[in-house]
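Down below is the structure, laid out as structure tokens.
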Amino acid sequence: QTLVPHAAEALAALAAIADIVVLTNLADHHQTGREAQLDALGLRHRVVTNQGGKGTPVARLLDEYGPSAAVFVDDLAQHHDSVARHAPQVHRLHMISEPSLAPAVAPAPAAHARIDDWRDAERWIVARFADGASARA
């Protein structure tokens with residue numbers, strides 16, 4: 001696996017202001033391998049494995065972290081649907097950051113936004129965090 005354009009820079013900037021958790025649909029015994037794969041790319045974030053919809057594990061992560069704002073980024077519409085049902089307060093960003101695939105995928109109806117470039121996504125995510133901090137003040 002390789003990094004898509006601008007992902008490393010955007011994730012590094014976001015990691016300076018937020019906890020990043022990679023929620024991946026892999027069997028649990030693949031967690032260590034995924035962590036090593038991401039680490040080799042310079043991405044050192046917590047990895048949580050899952051099978052099926054992502055809404056329930058996102059809700060568990062919200063209970064664990066207790067964030068003022070949370071953003072879910074995924075390329076599959078069904079995961080945005082699941083998060084909308086189980087954790088509706090989460091901001092949902094539909095992203096197909098692989099330039100060769102993005103034009104062929106329709107926007108996910110349950111997502112709040114569709115952004116396929118990590119530079120633009122970073123700005124959108126930071127704005128959601130700012131909105132969350134303002135709501136708590």
| Do V48 and V22 belong to the same hydrophobic cluster, where Ile, Leu, Val, Met, Phe, Trp and Tyr are linked whenever their side-chain heavy atoms lie under 4.5 Å apart, directly or via other members? | no

| query | Just by distance, with hydrogens left out, do R34 and Q37 show a side-chain donor and acceptor under 3.5 Å apart? | reply | yes

Compile the donor-acceptor pairs under 3.5 Å between side chains in residues 4-21 and protein atoms, sequence neighbours left out, one pair per line.
unit_1: H6; atom_1: NE2; unit_2: R119; atom_2: NH1; d: 3.3

| task | Identify the heavy atoms of P99 and P103 that sit nearest to each other, and give their distance. | result | O-CD, 3.4 Å

| said: I need the F129 CZ to W124 CH2 distance, nearest 0.5 Å. | reply: 9.5 Å

| field | Residue pair A121 / L93: nearest heavy atoms and the distance that separates them | value | CB-CD2, 3.7 Å

| Gap between atom CG of L101 and atom CG of D75 - 0.5 Å precision | 9.0 Å

| remark: For H80 and A111, the nearest pair of non-hydrogen atoms, with its separation, is ND1-CB, 3.8 Å

| query | What closest approach, in Å, do A87 and L62 show between heavy atoms, and which atom pair accounts for it? | reply | CB-CD1, 3.7 Å

| Approximate separation, where rounding is to 0.5 Å, of R92 CZ and Q89 CD | 9.0 Å

| request: Determine the minimum heavy-atom distance between A110 and A84, stating which atoms define it. | output: CB-CB, 4.2 Å

| For the student: nearest non-hydrogen atoms of R114 and I96, plus distance | NH2-CG1, 3.3 Å

| query | When you look at Q51 and D28, which way does the side-chain contact (heavy atoms from CB on, under 4.5 Å) test go after all the steps? | reply | CA-CA 9 Å; Q51 295 81 52; D28 295 340; 3.5 Å; yes

| query | With hydrophobic residues grouped by side-chain heavy-atom distances under 4.5 Å, do V47 and L61 end up in a single group? | reply | no

| In terms of hydrophobic clustering (I, L, V, M, F, W, Y; side-chain heavy atoms under 4.5 Å; direct or indirect links), are V58 and L26 co-clustered? | no

| message | Any carboxylate oxygen within less than 4.0 angstrom of a Lys/Arg side-chain nitrogen, looking at D131 and R128? | response | yes

| task | Evaluate the criterion side-chain contact (heavy atoms from CB on, under 4.5 Å) for residue pair L43 and L3; output intermediate values, then yes/no. | result | CA-CA 10 Å; L43 303 176; L3 284 171; 3.5 Å; yes

| field | Any residue meeting side-chain hydrogen bond (donor to acceptor under 3.5 Å, both in side chains) with T56, in chain and number order, not counting sequence neighbours | value | none

| query | Out of curiosity, W118 CH2 to R123 CZ, how far, rounded to the nearest 0.5 Å? | reply | 13.0 Å

| field | From CG (D117) to CE (M95), nearest 0.5 Å | value | 7.0 Å

| task | Apply side chain to side chain contact (heavy atoms under 4.5 Å, CB included) to N50 and list each qualifying residue two or more places apart in sequence or on a separate chain. | result | L23, N25, K54, P57

